[in-house]
Amino acid sequence: MRKKFIAGNWKMNTTIDEAVALAKDVVKTMGNTSDVDIAICPPYTSLYAVSEVLKGSTVKLGAQDVHWEAKGAFTGKVSCAMLKSVGVTYVIIGHSEQRTYFHETNETVNKKVKATLAAGLLPIICVGETLEERKSGKMDAVIESHTVGAFAGISAEDALKCTIAYEPVWAIGTGETATPQQANEAHIFIRKLLVKLYGTSTAEQIRIQYGGSMKADNAKALLGQSDVDGGLIGGASLKASDFAGIVKPV
Ligand code: PGA
């Protein structure tokens, strides 16, 4: 049985004060939850302050990106060691907004996954097609290239430390959600790719989250699907009560 994993991706929202207030609310409502894994991913500037709030709770800290190099002349970038030093456990890698706006490719995703695992951090690897790709029948090929690209050169042992987030780009922040059946079909497709890469036993243990306008009123149906093992939540993670509404039906 795969334990459900719900992560909040706060994106470029919250100042330190706002982040601390939101994290406190999350801890108050969900801080002792143990039947579901929960993480929140604030912007870099609030990671340290939020890590202090999360101390003693079961809620884990995640970052929204990382650079693969260890240190040096990479203005604007943050390394795995830096993230570790502020108490980060998870790192979101390859989010579609990174792919669309900041030149993220399957190769850079793979470098980030390798660096993250080498540092003892846990990657949340985002994959998913645009509406155009879905409509033109390229969906499977895109998901396959994102997935196979991300896991290139990653051992089965390390693959078990990864979470995949299936995020159809057309559902992100649009209010449009994949139906539970559409989501599950994609998740089953991803799991079959993992079977090809790592065999059934490993593939069955890797969690696949759904992301894209997941909220309290559609979470139950999505999370009730055989291969939907959690959610990566954007908009609905910015209010603790909305976020809790997604965690509750699990
Ligand atoms: P959304 O974002 O829940 O606001 O659609 C999800 C994500 O981008 O991770």
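Each ligand, and each atom within it, is numbered from 1 in the order the structure gives.
The main-chain N or O of Ile190 is never found under 3.5 Å from a side-chain atom of Thr147 such that the two would form a donor-acceptor pair. Although no hydrogens or angles enter the test, the distance criterion places no donor-acceptor pair under 3.5 Å between the side chain of Ser96 and the main chain of Arg99.
Looking at Gly211, Gly212, Gly235, Ala236, it is Gly235 that brings a heavy atom closest to atom 4 (O) of ligand 1.
Close approach of ligand 1 to Asn9 is summarised as follows: ligand atoms under 4.0 Å from at least one heavy atom of the residue are 9 (O). The atoms of ligand 1 that sit less than 4.0 Å from any heavy atom of Ser213 are 1 (P), 3 (O), 5 (O). Atoms of ligand 1 lying under 4.0 Å from any heavy atom of Glu167, numbered from 1 in the order shown and given with element: 6 (C), 7 (C), 8 (O), 9 (O). Which parts of ligand 1 touch Gly173 is read off a 4.0 Å heavy-atom cut-off, strictly below it: atoms 1 (P), 4 (O), 5 (O). Below 4.0 Å from some heavy atom of His95 lie the following atoms of ligand 1, by number and element: 7 (C), 8 (O), 9 (O). Of all atoms in ligand 1, numbered sequentially from 1 with element shown, those under 4.0 Å from a heavy atom of Ala171 are 5 (O).
With hydrogens left out, the protein atom closest to atom 3 (O) of ligand 1 is Gly234 N, 2.9 Å, a heavy atom.
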Run Tyr166 and Val228 through side-chain contact (heavy atoms from CB on, under 4.5 Å) and show every step you take.
CA-CA 9 Å; Tyr166 168 61; Val228 179; over 6 Å; no
Could you walk me through whether Ile40 and Ser237 satisfy the side-chain contact (heavy atoms from CB on, under 4.5 Å) test, starting with their C-alpha distance in whole Å, then the side-chain angles of each, then the deciding distance to 0.1 Å, before giving a yes or no?
CA-CA 8 Å; Ile40 51 178; Ser237 69; over 6 Å; no
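Donor-acceptor pairing under 3.5 Å is recorded for the side chains of His95 and Glu167. Trp170 and Glu132 share no donor-acceptor pair across their side chains, judged by distance under 3.5 Å alone.
Inclusion of Lys11 in the set of residues having an N or O under 3.5 Å from an N or O of ligand 1 is warranted. Taking only nitrogen or oxygen atoms, main chain and side chain alike, Ile233 does not reach within less than 3.5 Å of ligand 1.
A salt bridge links Glu97 with Lys11; the closest basic N to acidic carboxylate O contact falls under 4.0 Å.
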